[in-house]
Amino acid sequence: MAELTYRAAVARGIAQEMERDPSVVFIGEDVAAAGGVFKTTEGLLERFGPDRVRDTPISEQAITGALMGAAMNGLRPIGELMFSDFLAVCWDIVANQIAKTRYMTGGQVALPLVIRTANGGGTRFGGQHSQSLESWAMAVPGLKVVAPSTPRDVVGLLAAAVRDPDPVVFFEHKKLFATKQDVPDGEIVDRLGIATVVAPGSDVTIAALAAMVPVALEAAGRLSESGVSAEVIDLRSLVPLDTRTLLESVTRTGRLVTVEENPRLCGWGAEIASIVAEEALWDLDGPIVRVTTPHIPLPAAAEMEDLAIPSADRVVDAVLRIT
Amino acid sequence: MSSPSASRLSMYRDMVRARYFEQRVYDLFMEGIVKGTTHLGLGQEAVAAGFVAAMRSDDLTFCTYRGHNHTLLRGAPMAALLGEMAGRDLGICGGKGGSMHLTDVTKGAMGSYAIVGAHLPIAAGAAWAALLRGTGQVAVCFFGDGTTNIGAFHEALNLAAVWKLPVVFVCENNLYMEYTPISTVIPVEHPAADRASAYGLESLLVDGNDVDAVRTLATEVIERARRGEGPSLVEAKTYRHKGHSRADPGKYRPQEEVDAWLAYDPVKIYRARLTADGVGIDTIEAIEREAAAEVDGATEQVRNAPPPDPGTLLTDVWADGGSAWRN
Ligand SMILES: Cc1ncc(C[n+]2csc(CCOP(=O)(O)OP(=O)(O)O)c2C)c(N)n1
Ligand SMILES: [Mg+2]
């Protein structure tokens, strides 16, 4: 057991897989010699050498295209997009090529690759370096979508993503990089599509992802002081989505609040709300409430950004409205 | 002497204003007043100053996140730029943009772009509009060496060349893309100039730390564009004095390289040249005093300014001023 930051967990997860499987390679901008702009990949070049850990030009189409080609021909590549916002620069490769190829080739082509990317706000970087884009990826059939909230989960889910036979977009949250946790030594491997109940409760289910998990936990703590018992679920992956854990919880609590960092329209919470409405409506004791960023681009100014992104206060208010 | 002395003094004033301004931005970032990020152009001032001096006031500039200098020198008010970086209500974008998105449309500073390469096709589009509307404007688009590796660079150059657009693409080659030396990620020596021929353009290299040389070449290519003779691609070799962004100490650069470039400082060089050409030290020092006072004044305004009105969070998504999406 050792204390590990979320940041260091990324390198540990990649190293664990590179050590195990020589077909795992890793590329991206400033990831090798510089160890990543968020210092998430330090030491990998030194440990695995320049053939397997490589700096690229600023060429997101070339990066993602090369991941695809390498995956077609026997490697299990990991690529980094420095900020998830840059998905937009290579969306053709990701959404048209990588996502659809297994299907369009009648199952002939497998693409076991991972696109890691720094996601989310709270860093005052403004509208083009702060977005939470899990819902973009979730909307494309053929992509798996993972977003860990703890250092342990970074290692375990990254391993699961690398070993997965299909393409995975792996969202690391910038706001969580400095967070720490005791993480067991030795190999950690999770399975994709398993949500965890991070705080048990009986009055309301709060579903959250990535940096919204600590926000939901803080809200749950405060709610318990006012006598409301909230169950917090960390979804961990959106595709595959663990609806069983979710529906089981909602059936017990009778209430659901989603906490999403993305802007309102078509956020993942809308999908979850629709599943619960279809499959558990008669177990509900109140309306489903979504707490999201308003439907605006994220502002840069600190006070404005804090107002935009869901806070524990807003989650508490939402819960109190329906309990 | 290639330029009349009044405009040379004005270029010196511009460089000094940009220099003092960004030194203050750095200090205020370290103090926590400027939040988020900053990408300073300290050391690269001569490129912006030389080009701005060659532009008409209705010409358009497009720059990157490293665009504080360009935006300032086009005429954007200093306090409003600093206020934007500090997220205060007097910010030029009301605090919504931040340091990477400084924009002053009234001065033809048509935005700072944070996604590498995005603004090259956009500048081409603005030039196309100028051509169609017969305004005689030229669009000038600044970007870095690393940008020459992204698809948008190549698409924009090709389009501008085949459409003969009045746009000038200016590659500020500061030898690094973030922490990676450009030489390790391109197969040619000059990231922009060596690729110009692929688009039927002349290979144009200029010393980006020599403001006179920059202004001379800028005048030539801007006027060529204005005459309808099409785009140009200029590569200006320069160097950033600070790290890539924020508090980056830039340790990935060899110390001898840093020292050599610090000695070849565009502001110092020009100061010496003007002095040698007979400009009195009093004149020069007066320019420096005024610039320092301007920076101090802007800093005071920003320190005393409140954060943006929370009510503005939900404004300006749509033309009606609001952000509504349902009734
Ligand atoms: C599409 C895209 N990829 C990556 C980045 C991250 N990034 C920001 S600046 C930069 C380096 C740009 O280098 P260069 O074009 O030489 O400009 P400089 O910063 O040196 O002025 C990178 C990789 C980005 N903003 N956009
Ligand atoms: Mg550069």
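Chain letters run A, B, ... following the sequence lines, proteins first, then strands; residues in each count from 1.
Judged by distance alone, the side chain of B/Thr238 and the main-chain N or O of B/Gly43 form a donor-acceptor pair under 3.5 Å. B/Asp194 places a side-chain N or O within donor-acceptor distance of the main-chain N or O of B/Glu189, the cut-off being under 3.5 Å. A/Arg314 contributes a side-chain N or O that, together with a main-chain N or O of A/Thr292, makes up a donor-acceptor pair within less than 3.5 Å. Counting only distance, with no hydrogens or angles, the side chain of B/Glu22 and the backbone of B/Leu42 share a donor-acceptor pair below 3.5 Å. Side-chain atoms of B/Arg240 come within 3.5 Å of backbone N or O of B/Lys242 as a donor-acceptor pair.
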request  = Step by step, work out the salt bridge (Lys or Arg N to Asp or Glu O under 4.0 Å) result for B/Arg303 and B/Glu31.
outcome  = CA-CA 12 Å; B/Arg303 282 190 192 282; B/Glu31 205 190 305; 2.8 Å; yes
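The ring of B/Tyr113 has its center closer than 6.0 angstrom to the ring center of B/His119.
When each of B/Met177, B/Met85, B/Arg88, B/Lys251 is checked for heavy-atom pairs under 4.5 Å with chain A, B/Met177 comes out on top. Between chain B and the residues A/Leu265, A/Asp85, A/Thr123, the largest count of heavy-atom pairs under 4.5 Å involves A/Leu265. Heavy-atom pairs under 4.5 Å with chain A peak, among B/Leu314, B/Val116, B/Leu313, B/Asp316, at B/Leu313. The candidate with the highest count of non-hydrogen atom pairs below 4.5 Å against chain A, out of B/Gly95, B/Ser245, B/Gly87, is B/Gly95. In terms of non-hydrogen atom pairs under 4.5 Å with chain A, the most contact-rich of B/Gly98, B/Gly151, B/Pro310, B/Ala114 is B/Ala114.
B/Thr312 touches chain A through backbone and side chain together, each having a heavy atom under 4.5 Å away. Heavy-atom distances place no part of A/Ala33 under 4.5 Å from chain B, backbone and side chain included. Both the backbone and the side chain of A/Gln128 come within contact range of chain B, with heavy atoms under 4.5 Å apart. Both the backbone and the side chain of B/Tyr179 come within contact range of chain A, with heavy atoms under 4.5 Å apart. For B/Met100, the part lying near chain A is the side chain, with the backbone staying farther off; criterion is any non-hydrogen pair under 4.5 Å.
Atom CG in B/Leu157 sits 9.0 Å away from atom SG in B/Cys141 (nearest 0.5 Å).
Residue pairs satisfying the salt bridge (charged side-chain N to carboxylate O under 4.0 Å, His left out) criterion with at least one member in residues 119-135 of chain A, sequence neighbours excluded, are listed as follows: A/Arg124-A/Glu305, A/Arg124-A/Asp306.
At a heavy-atom cut-off of under 4.5 Å, chain B is reached by A/Asp55, A/Thr56, A/Pro57, A/Ile58, A/Ser59 from residues 40-59 of chain A, listed in order of number.
Ring-plane geometry between A/Phe86 and A/Phe83 is classed as tilted, the angle between the planes lying from 30 to 60 degrees on a 0 to 90 degree scale.
None of B/Phe143, B/Phe21, B/Phe142 except one satisfies the ring-ring contact (aromatic ring centres under 6.0 Å, His included) rule with B/His70; the exception is B/Phe142.
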